[in-house]
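In what follows, a structure is listed as structure tokens, so that the remarks can point back to it.
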Amino acid sequence: MTDLPDFALPDYALNDAVPLPAPSQAFLLGLATRRSAPAQALVAPGPSDDQLDQILQLGARTPDHGKLFPWRFIVLGPKSRAEIAEKLAVLAETQGRPSKEQAVLAKLTAAPLTILVVSTPIPNAKPVWEQQLSAGAVCMNLEHAASGFGYSAAWITDWYSYDAEAAALFGVSESETVAGFIHIGTLTEPPLERPRPDLTAKVTRLP
Ligand SMILES: Cc1cc2nc3c(=O)[nH]c(=O)nc-3n(C[C@H](O)[C@H](O)[C@H](O)COP(=O)(O)O)c2cc1C
């Protein structure tokens, strides 16, 4: 991985003029080649503490309607994930397909670092759907930011995101929803391309 020793996030104050986008081949190529990692294949190195701070700041720089910031982050290192995974393994036995639910726990514990993005909609504000979309956009920006530092990432939910007792083990309350576990680390092999949609079936062009 290439180090970015001189990289520091610009710090804009409220109402500062933020530069207009400049054409960037590197940026476009990054979007064209982005691929999720298989979560269980993510290994060290993961982001340093400084890089994590910057990845979180970039992730939080995401569209949201009404400046509500309707999401929060829970940063999970290997120790907390291992402890929670042990408890999830017990809960998995009460799920519909215990062996599958056990097996996917490997995705939770492999990566050096995980950012859990929690959707925290504010009642009686903008539509809840829009607030949840904003949390999804945060997940995507976290992945882009991780990739800017040369890491790979996986956006995972799995059954424990949708089971209240399981989600509570991570500190997610009943009024909140898991938007995603963003696992970040390094892949030793490049990922293979996956199917992409035929845009002729997806795009309507109106004059
Ligand atoms: C909200 C959401 C939840 C996801 N949950 C899982 C999951 O639990 N397990 C999984 O293997 N992939 C999951 N994925 C899919 C991967 O994150 C990834 O998008 C997929 O493997 C496609 O790879 P790509 O991002 O390179 O196109 C999820 C994606 C989204 C958007």
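Remember, it's 1-based here, ligands and their atoms both numbered in the order they're listed. Worth knowing before you read on, the calculation uses all heavy atoms, side chains too, and leaves out hydrogens, waters and symmetry mates. Model, not experiment: these values are computed from the prediction.
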What do we get for His183 next to ligand 1 when only non-hydrogen atoms under 4.0 Å count, side chain, backbone, both or neither? neither
Give me the nearest non-hydrogen protein atom to atom 5 (N) of ligand 1 as residue plus atom name, then the distance to 0.1 Å. Thr157 OG1, 3.0 Å
Examine Phe170 and Ile156 and state if one hydrophobic cluster contains both, with Ile, Leu, Val, Met, Phe, Trp and Tyr joined whenever side-chain heavy atoms are less than 4.5 Å apart. yes
Would you mind checking if Lys87 and Glu83 are paired as a salt bridge, meaning a charged N to carboxylate O distance below 4.0 Å? no
Looking only at non-hydrogen atoms, the one of Met140, Arg196, Arg35 nearest atom 27 (O) of ligand 1 is Arg196
Which residue holds the protein heavy atom closest to atom 10 (C) of ligand 1, what is that atom called, and what is the gap in Å? Ile156 CD1, 3.5 Å
If hydrophobic clusters are built by linking Ile, Leu, Val, Met, Phe, Trp and Tyr wherever their side-chain heavy atoms come under 4.5 Å apart, do Ile182 and Leu113 end up in the same one? yes
Pull out every atom of ligand 1 sitting under 4.0 Å from any heavy atom of Lys107, numbered as shown with elements. 9 (N), 10 (C), 11 (O)
Steps toward side-chain contact (heavy atoms from CB on, under 4.5 Å) verdict (Leu116, Val178): CA-CA 7 Å; Leu116 167 51; Val178 170; 3.7 Å; yes
So if I count the atoms of ligand 1 from 1 in the order they appear, which ones are less than 4.0 Å from some heavy atom of Ser36? 18 (C), 19 (O), 23 (O), 24 (P), 25 (O), 26 (O)
Minimum distance, heavy atoms only, to atom 30 (C) of ligand 1: which one of Tyr160, Trp155, Phe181 is it? Trp155
Hey, can you tell me if His183 and Phe181 have their rings parallel, tilted or perpendicular (30° and 60° cut-offs)? parallel
Decide whether Thr114 and Arg81 meet the rule of one side-chain donor and one side-chain acceptor closer than 3.5 Å. yes
